[in-house]
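We use all heavy atoms of the structure for the numbers below, so side chains are in, but hydrogens, waters and symmetry mates are not.
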Amino acid sequence: MKKYSSLPVLCALICFGEAQIYTVPEVEFEYLKPMGFKASIPDVPGVRLFAFHARLNKPFQQFEQGDMYEDVTEPIGDRWVFQTTKVSLMEGQQIYYWLYVQYEDEGYVVSNQKHTIKKNPKTTTTMKTTTTTTTTTTTTVKPKATKATTTVKTATKKTSPCESTTTTVNGATTCAGKLIFEDTFQSLDLKKWHREVRIPLDTESAEFVSYQDSAANSYVADGQLVIVPTVLNAQPGFNDERIRTGELILSGCKSPTNNEYECRRKAALFTILPPVVSAKLNTRDSFRFRYGRVEIRAKLPKGDWIFPQLLLQPWENYYGYADLASGLMLVAHILSNEQLTTREGVQIDGHRLRGGVIVTNEQKMRETFMKANFLDEHFSDDFHVYTLTWRPESIALSVDGFQYATLRTDFRDYGVTNNLAQAKLWNVNNTMSPFDREFYISLGVGVGGIRDFPDYSKSGPFSTPKPWNNTSPKAEYFFYQNRNSWHQTWTEPELKVDYVRVYAL
């Protein structure tokens, strides 16, 4: 069985000895007529989210999304309520469910739950309908104290065709809940997606690749976007000697900072041509947004020293470009090695999913707002739905409907406290700054680099040492020299994306 674990949950239990531990109360079920049910828990101060996931007559194997699900962000009266009217219930049927409750800044999961329908709903409920308001009388399956029935009034249905939202799209307003971007990759729409052409420097990870506009590295097949890295010496004319002594000039290159070194490289001494060719696609010229929910269903790559890039990047770099001054959001990120541990023996390979934000490339603080979630299986073994929900007051991270982290931080205060120069430029009136401007979507595959893979980490069953040091001027050269070792692990190096969807809040 697959098992997810949430680091915020563990911290609530062991990291803060004086923290108050929240106990998730028993879920109370109510049957609705003619169809459906409610599942609810009491509201208490501190509860911020109630996520309910259910199936009828089918147990969960892991934290799957389920056939009935919702992230409830506001209580109704004194209870947090999930409701569905799309399922018919009969006595003896089983509702299998799991739930996640965010209490203060910690998450609490209750898994492997089952509720048995004890009475025929037709004999326990009545319903009267008017033109504007529905009144439902229900029998509580597990009543509290002596109260056996509850009467609930739903709000009058709104007729406004477009409710307001904090979400913006390409600088304009939109409607609450609207699907504002979608691509299911029936073809590669180059009006939506732009292939980057450049050699990355140290703006992010200085990965050991050149991103190129090549159909061999990014294409659509079977309704999926495929992004795959390839070794440069497999291309005609790029033998070992040319990689060590030749020159690479990228036609159509666009450097974000007009830096010629992103568009051409001359090899000399230990400076070599980027040994890997990959692809990175973005929506910078077609779609950008501020605040919303991003869903990406993808199968992540597997292979030594590879990492996927499912990113939100700042459209205008309003607060600056250097040192990630305008921020970077990671929807999903893994180190794709089959087995990888730090020098201390901590597991950091593709069984560990990470997401979050980065506000500086300074090594000690780069990981501060990255959160992790673990799976018994490698995240490249199957497709998963990765979600980032970006609100004016928080950023939440989920996988397959399981919310494993929420960031609620005054980033500017953190930056000023830690002497980040860019923090003084961030909006003093917005605690989420620099994440208060429009961002665009980027999808790609990186290899190597000087940020993501810790020095002295060990890969594979034989604990092969990482072949380069992040601070060495010869890092890329040593990586290339080790190619016979790492390239043979690239059995599934491709990122496959089934769909990308973005919803307004």
Side-chain angles (χ1 to χ4, degrees), residues 6 8-9 11-13 16 18-32 36-54 63 65-66 68-87 95-115 124-125 133-158 163 165-166 176-177 293 387 389 391-398 401-409 431 505:
S6 173
V9 174
C11 274
L13 299 175
F16 306 104
E18 298 180 0
Q20 180 179 354
I21 304 302
Y22 170 75
T23 300
V24 178
E26 187 176 20
V27 175
E28 185 175 282
F29 284 85
E30 303 175 42
Y31 306 142
L32 305 178
F37 68 91
K38 292 181 181 180
S40 66
I41 61 172
D43 181 31
V44 297
V47 175
R48 296 177 175 175
L49 181 138
F50 170 59
F52 185 85
H53 299 255
F63 291 101
Q65 186 167 265
M68 300 164 280
Y69 60 91
E70 183 181 1
D71 288 351
V72 182
T73 58
E74 297 289 341
I76 298 176
D78 61 354
R79 301 192 70 81
W80 292 80
V81 181
F82 166 84
Q83 175 177 314
T84 178
T85 58
K86 297 181 179 180
V87 60
I95 299 175
Y96 292 91
Y97 66 96
W98 66 272
L99 60 141
Y100 169 90
V101 179
Q102 182 181 340
Y103 176 78
E104 299 296 351
D105 291 326
E106 309 299 340
Y108 297 81
V109 179
V110 179
S111 60
N112 299 321
Q113 299 298 296
K114 180 177 67 175
H115 169 75
T124 59
T125 65
T133 304
T134 301
T135 302
T136 306
T137 304
T138 64
T139 300
T140 303
V141 178
K142 294 179 179 178
K144 294 194 172 184
T146 58
K147 188 175 181 180
T149 61
T150 303
T151 301
V152 179
K153 290 188 177 182
T154 61
T156 302
K157 185 177 180 180
K158 297 183 179 181
E163 297 182 27
T165 177
T166 55
R293 185 175 82 253
T387 304
T389 303
R391 300 181 182 278
E393 72 284 350
S394 65
I395 294 174
L397 301 159
S398 303
F402 169 64
Q403 184 172 315
Y404 65 90
T406 302
L407 297 173
R408 296 177 183 270
T409 303
T431 60
L505 296 178

_Quick check: closest heavy atoms across Pro392 and Leu505, and the distance to 0.1 Å?_
CD-CD1, 4.0 Å

*Measuring from Lys38:NZ to Thr85:OG1, what's the distance to the nearest 0.5 Å?*
11.0 Å

*Gln83 side chain reached by Leu32 side chain, heavy atoms, under 4.5 Å*: yes

*Name the one of Val110, Ile95, Leu99 that satisfies side-chain contact (heavy atoms from CB on, under 4.5 Å) with Val27?*
Leu99

*Under the side chain to side chain contact (heavy atoms under 4.5 Å, CB included) rule, collect the residues that match up with Ala51, sequence neighbours excluded.*
Leu49, His53, Asp71, Tyr100

_Results of side chain to side chain contact (heavy atoms under 4.5 Å, CB included) for Val72 - residues two or more places apart only_ = Phe50, Glu70, Trp80

*Does Ser394 have any side chain to side chain contact (heavy atoms under 4.5 Å, CB included) partners at least two apart in sequence or in another chain, and if so, which?*
Arg391, Thr406, Arg408

_Among residues at least two apart in sequence or on other chains, which ones pass side chain to side chain donor-acceptor pair (under 3.5 Å) with Thr165?_
Thr167

*Just jot down the side chain to side chain donor-acceptor pair (under 3.5 Å) partners of Arg293, sequence neighbours excluded, or say none.*
Glu295

*Return the set of residues passing side chain to side chain donor-acceptor pair (under 3.5 Å) with Ser398 (not counting sequence neighbours), or none when no residue passes.*
none

_Distance, nearest 0.5 Å, that separates CD of Glu30 from CZ of Phe37_ = 11.5 Å

*Polar side-chain atom of Glu74 near backbone of Ile76 as donor-acceptor pair, under 3.5 Å*: no

_Show the nearest heavy-atom pair for residues Ile41 and Glu26, with the distance to one decimal._
CG2-O, 4.3 Å

*Write down the atom of Val47, the atom of Tyr103, and the distance for their closest heavy-atom approach.*
N-CD1, 3.8 Å

*About how many Å separate CG of Leu407 and CG of Leu397, when rounded to the nearest 0.5 Å?*
6.0 Å

*State yes or no: are the ring centers of Tyr97 and Phe29 separated by less than 6.0 Å?*
yes

